[in-house]
Amino acid sequence: MILAINPNPPPRVLRTRNNSSSYGDSFNHHDLLLLHLNECNEISKLKEIHAQTLRSTLPNDPNTLFIYSRILHFASSNDLDYACRVFDEIENPNCFMWNTLIRAFAKSSDCKERGILLYKKMLVQGTFLPDKYTFPFLLKACAYLTALFEGKQAHAQLLKLGFGSDAYINNSLIHFYASCDCLAVARNVFEKMPERSVVSWNAMIDAFVQLDEFETAMQLFREMKNLFKPDNYTMQSIVSACAGLGAFSLGAWSHAYILRKCVPDASTNVQINNSLVDMYCKCGSLEMAKQVFDRMPSRDVNSWNSMILGFSNHGKAEAALECFECMRGAGTTPNSVTFVGVLSACDHKGMVSKGRKYFDMMITEYKIEPRLEHYGCLVDILARGSLINEALDLVSSMPMKPDVVIWRSLLDACCKKNADVELSEEMARQILELGGGAYGGVYVLLSRVYASASRWDDVGLVRKLMTDNGVSKEPGCSWIEIDGTKHEFFAGDTSHSQAGEIYRVLDVIGDRLESIGYAPDYSQAPMVDEVNDRKKQSLRVHSERLAIALGLLHLKPGMPIRIFKNLRVCNDCHQVTKLISKIFNVEIIVRDRIRFHHFKDGSCSCMDYW
DNA sequence: CTAGGGTTAG
């Protein structure tokens, strides 16, 4: 949408005060109406006052206009439709009135675009130019709608109108550009603004967190701390940054920082506690998550949701379901996200009948319309339970189109069974059509289907397709935190300062494994490795094994080894890690791209179902 | 009258 400032604005009518009202002393009358307005607390009363105003005042009297802006202000936060009708009645709304309505729409849940539309109307009308209050509202709407084109025009116009150094506006701009993924522009606004406040820093830090640039967010936080006292908003962003990084010590430090009352009221703030629960879950410490959760002075739906999802992601399906029942017992109504947690818990443990039960409960008892995510869980539950036909039936009964994730669930299940080549091809085609080809997994699955049907020509074809389309597997990478320092590894990495010791540990592991008769599982080894020896070698030095080896070198008694990796665990590493946990009598917690595995005494919390 | 997350499945 083009938003142009009107070059020929109509002349602003100069209103003369008209005191010769036939209603007597209009001044007192206005005061009386205002008094009523101040006491007004429901929309029906407001309507009465509105009617009286209409009946008993002169439309062009400035005092009347003031009353109208008060009515508008009240109406816009209670009944938007009504506010619009009041607004339309005003012959020549002033800047304040435009702002009030633009703000109301920008804040509304479902029609933010009308905020932008209204701004356009304001420009077309041209009697009043937008002021410095207009832009924060407008930019909020643009940010939410990721309306980059409109927001940029607003940016140009606010510069033209001379608001380039206004702090509020610049903060809004940072948030807007960040919402549109224009991190560099956001940063530029931040750098160039004449005076930065806590909010500016918060907006910038949060921008980096939202776009997964956690390290930069932390860096900025360190700079900010020397200048301003962090507040609740800062801490929430920082705690989520720790969650994203999987940085346990840093997360624990933030927690301590909050508890030391460095931030007023943070330790009792529900949102802060929710993000702490989430952070501890994502950093692999269910114990700490549970502790924070148990000590919370009050909980909302999100608190329960975080805990349920935490249990689920750690493979503790029973605990997740128990938590769900507690939540119901506590009188908190579950929402759509709650059921994502509940269903994914069922999925992680292959609970087919429970999965169905909760899916039905969500619809019948809680009247929640299943969303794509819920269908995704149930489809996966059915598909992995070898009920492929039922999964397909469910997909065709869905009111929305299946996405890449759902097709992948189905394709995955097909590959595991005696593959139906045609069905698999169809699914792969769907995934590629939906643009899911960038991830090499589809090709890998498909070539496995062809291989199992001994269609070697097709296997070659898929491989050629992969190289032609430039599909490459994202390199596997794992990391471990030791005394607060992150150590990162790629497969076969020799760059670590303790590389020599690490590889000696791997040799020891290799020998011990061989002595107990372990045979490597090459099924998921990269296809490019033609020579078996190289395959064997490449499995042995998968990044997570290097990280585990370093963990063993720095083992603290009674403490688990926590590993993080960017991809999913391969079959062989999963098997090997189970054995390592037994041989060395150590608990190993691995955060995969999707979820956690707790290895202990030779078995894993996922019960080999992941 | 002004700024400050949209969590979530695979």
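Lettering of chains follows the sequences in order, A, B, ..., and the numbering in each one begins at 1. Predicted, not measured: the structure shown is a model, and the values here were computed from it.
Contact annotation for A:L372: base contact, defined as any heavy-atom pair under 4.0 Å involving a base atom. At the heavy-atom level, A:N99 lies under 4.0 Å from base atoms of the strands shown. Residue A:D231 is in base contact, counting any heavy-atom pair closer than 4.0 Å across all strands shown. Residue A:D380 is classed as a sugar-phosphate contact, given heavy-atom separations below 4.0 Å to backbone atoms only. Among the protein residues, A:N94 comes within range of no part of the nucleic acid, since none of its heavy atoms lies under 4.0 Å from any strand. Within 4.0 Å of A:S344, counting heavy atoms only, lie sugar-phosphate atoms of the nucleic acid but no base atom. Base engagement by A:S197 is indicated by at least one non-hydrogen atom pair under 4.0 Å involving a base atom. Using a 4.0 Å heavy-atom distance criterion, A:K107 is classed as making no nucleic acid contact.
The salt bridge (Lys or Arg N to Asp or Glu O under 4.0 Å) check on A:K112 picks up nothing, with sequence neighbours excluded. Residues that satisfy the salt bridge (Lys or Arg N to Asp or Glu O under 4.0 Å) test with A:D206, not counting sequence neighbours, are absent from this structure. Qualifying salt bridge (Lys or Arg N to Asp or Glu O under 4.0 Å) partners for A:K354, counting only residues two or more places apart in sequence or in other chains: none. Residues meeting the side-chain contact (heavy atoms from CB on, under 4.5 Å) test with A:R328, sequence neighbours left out: A:F324, A:E325, A:M361, A:E365, A:Y366.
Taking every heavy atom of both residues into account, A:A266 and A:I258 meet most closely at CB-CG2, 3.7 Å.
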Report, one line per pair, each donor and acceptor closer than 3.5 Å where one atom sits in a side chain of residues 128-140 of chain A; sequence neighbours left out.
| from | atom 1 | to | atom 2 | distance (Å) |
| --- | --- | --- | --- | --- |
| A:D131 | OD1 | A:N99 | ND2 | 3.0 |
| A:D131 | OD1 | A:Y133 | N | 3.0 |
| A:D131 | OD1 | A:T134 | N | 3.2 |
| A:D131 | OD1 | A:T134 | OG1 | 2.9 |
| A:T134 | OG1 | A:N99 | OD1 | 2.7 |
| A:T134 | OG1 | A:D131 | N | 2.9 |
| A:T134 | OG1 | A:D131 | O | 3.2 |

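The span of DNA chain B lying next to chain A, judged by atoms under 4.0 Å from heavy atoms, is bounded 5' to 3' by B:dC1 to B:dG10.
Base orientation of B:dG6: anti, the glycosidic angle falling outside 90° of 0.
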